[in-house]
Chemist: 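Below are the C-alpha cells for one structure; questions will follow.
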Amino acid sequence: MNGVDANSGVISSTNSLGVNSYIWIESAIFKNTPGGTISATLGTGSKMEVLVSQATDFINDGTISMNGGSIDIDPLLQGSGIVTVQGKGTVDLYLGAPQGQTIAFIDSGVLELGTPALFAGTITGVTTITRIDLAVSATAIAYTNNHLTMQLGGGQTFDLNIVGNNLSLSNFIVNTGANTTSISTDIPAPCFAAGTRITTDTGEIAVEDLNVGDHVLTAPGAEPQSIVWIGNRHVDCRYHTDLRKVWPVRIAGGAFAPNQPARDLFVSPDHAVFVDDVLIPVKYLTNGSSIVQIGVDEVEYYHVELAHHDIILAEGLPMESYLNIGDRASFANGGAIVDLFPVFGVGGKTEILREACGRAPLVIVGRVVEEVRGRLARARSSVREFLAAG
C-alpha cells in the first residue's frame with residue numbers, strides 16, 4: 001500500500017483454502033484511526049501476512065485483528081489502539097510499543113517482542129495456549145501491580161505490563177533459552193456442571209442438551225440471544241494437579257432468594273453470579289453452608305457462549321455466559337490441542353477485556369462482596385429458624 005496514509009474504514013484479507021496473501025504497508029506515515037480496522041484471517045493450509053515497512057511511521061489508534069494470520073511491524077507501533085490475536089495468529093513487534101497500545105489474546109496465538117525493553121503497552125489474555133516470545137534471555141523475578149519484572153544476565157531489568165485478575169508470579173511459566181525467553185500462564189474459564197437447567201425461549205433445558213442456535217433468555221429482560229458455541233470437558237479430579245480449580249461449588253437452592261437458584265446449582269469455582277449489578281465469582285462467596293465447594297472424583301463441565309457476553313439464567317439464578325479470552329483448550333471440543341490439566345475460572349477475563357466486552361464489572365473484594373456475603377448468611381439463618389420452628 002503506497003501513498004495511503006490513513007485508514008478510517010476496514011482493510012481486510014481473508015484467505016481461501018491453500019491460498020497465500022499479503023498486505024504491505026509502506027507509506028511514509030500510516031495512521032489507523034480510532035474508527036479504522038486492519039484484519040487478517042487465515043484460511044486452512046494458507047498463509048496470511050501483514051507487513052509494515054521499517055521506514056513507515058506507523059500509528060494504530062484503531063483495531064488490528066490477527067485471526068490465524070500474522071503481522072510483522074518493524075517500526076515502533078505508536079498510538080493507543082488494540083491488537084487482537086486469535087486462531088494461532090502472530091504479532092511480531094521489532095521495536096515495541098508505547099503505553100497506550102494493547103495486545104489482547106482472544107484465543108491461541110504468539111506475541112514476538114524483538115526489543116522487549118521498549119515495549120510499554122498492555123498485554124491481556126495470556127494462557128497456556130498463548131505465548132510471549134522475547135528475543136533475549138531473561139528470568140521473571142517479580143509480578144506486582146500487573147507488571148512482570150524480567151532480569152537479564154547482566155542484572156538489567158525491564159517490565160512487561162501483563163494484566164490479569166488474581167495472578168501472581170507463580171502463575172507464570174517462563175522458559176529461558178540461550179538468547180530467547182517464552183512466557184505463558186494458566187488463565188481458566190467458568191463452567192456449569194452437567195444437569196444444570198438453562199432457561200431458553202422454549203423453557204428450561206439441561207446444559208448438555210443445548211445446541212448451537214438455541215435461544216437463551218438473558219437477564220434482566222433483554223432479548224433472547226442465540227448460542228454460538230458450547231464447550232464441554234470431562235474432568236477426572238483424581239488425577240488433577242490442583243483440585244481447588246476443578247471441584248464444583250454447590251449453590252444451595254434458594255441461597256440468594258426464593259427460587260434463586262430453584263434447586264442446588266453446581267458450577268466451577270470461578271463462575272460468576274450476577275448480583276447487585278456486578279459479577280462475583282462464587283468461590284469468593286463460599287460460606288460453609290449455602291455455598292460450598294464439593295469434593296468429587298469426576299465432573300462434566302459445560303459452558304455456553306453467546307454472540308456477546310451476557311447474563312443467563314441457570315436454575316433461575318443469573319449467571320454469566322462464556323467470554324472467550326483464549327482458554328478453549330480447557331475444553332475437549334475447543335480445538336486441536338487440549339490441556340492435560342484443565343482449569344475453569346475467571347483468570348482469563350482480564351481487566352481490559354472485561355471493560356471492553358464484559359456484561360458487568362467483575363468484583364472479588366470490597367463493600368459489594370461483603371454485603372452479598374452478609375445477605376447470604378442472613379438468608380441461611382432464616383431458613384434454619386423456619387425449619388427449627390417446624
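No hydrogens, no waters, no symmetry mates; every other heavy atom, side chains included, goes into these values. When a residue number appears, it is its place in the shown sequence, counting from 1.
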Chemist: Among Asn60, Asp5, Asn7, which one satisfies side-chain contact (heavy atoms from CB on, under 4.5 Å) with Phe30?
Modeler: Asn7

Chemist: Show which side-chain atoms of residues 73-82 pair as donor or acceptor with protein atoms under 3.5 Å away, not counting sequence neighbours.
Modeler:
residue	atom	partner	partner atom	Å
Gln78	NE2	Asp57	OD1	2.2
Ser80	OG	Asp61	OD1	3.4

Chemist: Would you say Val216 ends up clustered with Leu313 if hydrophobic residues are merged whenever their side chains have heavy atoms under 4.5 Å apart, either directly or through other cluster members?
Modeler: no

Chemist: Could you walk me through whether Ile64 and Met66 satisfy the side chain to side chain contact (heavy atoms under 4.5 Å, CB included) test, starting with their C-alpha distance in whole Å, then the side-chain angles of each, then the deciding distance to 0.1 Å, before giving a yes or no?
Modeler: CA-CA 7 Å; Ile64 299 173; Met66 293 295 107; 3.8 Å; yes

Chemist: Could you grab the distance from atom CZ of Phe172 to atom CG of Leu160, nearest 0.5 Å is fine?
Modeler: 9.0 Å

Chemist: For Phe266, which residues count as a ring-ring contact (aromatic ring centres under 6.0 Å, His included) partner, sequence neighbours excluded?
Modeler: none

Chemist: Evaluate the criterion side chain to side chain contact (heavy atoms under 4.5 Å, CB included) for residue pair Ile364 and Val369; output intermediate values, then yes/no.
Modeler: CA-CA 7 Å; Ile364 62 175; Val369 175; 5.7 Å; no

Chemist: Working to the nearest 0.5 angstrom, can you tell me the gap between Glu208 CD and Ile205 CD1?
Modeler: 11.0 Å

Chemist: Could you measure the distance from the CG atom of Leu113 to the CG atom of Asp133? Nearest 0.5 Å is fine.
Modeler: 8.5 Å

Chemist: Rounded at 0.5 Å granularity, tell me how far CD1 in Ile11 sits from CD1 in Ile23.
Modeler: 7.0 Å

Chemist: For the CD atom on Gln99, are there more than 12 heavy atoms of other groups (residues, nucleotides or ligands in this structure) within a distance under 6.0 Å?
Modeler: no

Chemist: Between CE of Met319 and CD1 of Ile312, what distance do you get to the nearest 0.5 Å?
Modeler: 8.5 Å

Chemist: Report the residue from Ile311, Ile280, Asp310 that forms a side-chain contact (heavy atoms from CB on, under 4.5 Å) with Phe274.
Modeler: Ile311

Chemist: Start with the C-alpha gap between Thr202 and Thr200, add the side-chain angles, then the distance that decides, and say whether side-chain hydrogen bond (donor to acceptor under 3.5 Å, both in side chains) holds.
Modeler: CA-CA 5 Å; Thr202 60; Thr200 73; 3.1 Å; yes

Chemist: What are the two closest heavy atoms between Gln86 and Ser65, and how far apart are they?
Modeler: NE2-OG, 4.4 Å

Chemist: With side chain to side chain contact (heavy atoms under 4.5 Å, CB included) as the criterion, how do Phe119 and Ile103 come out once you've worked through the C-alpha distance, each side chain's angles and the decisive distance to 0.1 Å?
Modeler: CA-CA 11 Å; Phe119 181 83; Ile103 310 296; 3.8 Å; yes

Chemist: For Ala255 and Ser290, which heavy atoms make the closest approach, and how far apart are they?
Modeler: CB-CB, 4.0 Å

Chemist: Carefully, step by step, assess Phe192 and Tyr301 under the rule ring pair (Phe, Tyr, Trp, His ring centres under 6.0 Å).
Modeler: CA-CA 5 Å; Phe192 299 108; Tyr301 277 128; 9.6 Å; no

Chemist: Do His308 and Gln225 pair up side chain to side chain, a donor and an acceptor below 3.5 Å, judged on atom types alone?
Modeler: no

Chemist: Could you pull out the closest heavy-atom pair between Ala314 and Ile198, with the gap in Å?
Modeler: CB-CD1, 3.9 Å

Chemist: Quick one, Ser8 with Thr33, criterion side-chain hydrogen bond (donor to acceptor under 3.5 Å, both in side chains). Give me CA distance, side-chain angles, the key distance, then yes/no.
Modeler: CA-CA 5 Å; Ser8 298; Thr33 70; 3.1 Å; yes

Chemist: Could you go step by step and tell me if Arg250 and Ile291 meet the side chain to side chain contact (heavy atoms under 4.5 Å, CB included) rule?
Modeler: CA-CA 6 Å; Arg250 185 198 66 207; Ile291 302 182; over 6 Å; no

Chemist: Asn287 side chain to Ser289 main-chain N or O, any donor-acceptor pair under 3.5 Å?
Modeler: yes

Chemist: Roughly how far, to the nearest 0.5 Å, is CD1 of Ile227 from CG of Leu306?
Modeler: 7.0 Å

Chemist: Taking all heavy atoms of Gly195 and all of Glu315, pick out the closest pair and write down the distance.
Modeler: O-OE2, 3.8 Å

Chemist: Between Arg367 and Asp276, does any side-chain N to carboxylate O distance fall below 4.0 Å?
Modeler: no

Chemist: side-chain hydrogen bond (donor to acceptor under 3.5 Å, both in side chains) for Asp159 and Thr149? Distances and angles first, verdict last.
Modeler: CA-CA 4 Å; Asp159 288 349; Thr149 301; 2.9 Å; yes

Chemist: Testing the basics here: between Ala140 and Val174, what is the closest heavy-atom pair and its distance to 0.1 Å?
Modeler: CB-CG2, 3.8 Å

Chemist: State which residues pass side chain to side chain contact (heavy atoms under 4.5 Å, CB included) with Val296; sequence neighbours excluded, sorted by chain then number.
Modeler: Cys237, Trp247, Pro248, Ile294, Val299

Chemist: Write down the atom of Gly316, the atom of Glu204, and the distance for their closest heavy-atom approach.
Modeler: N-OE2, 4.3 Å

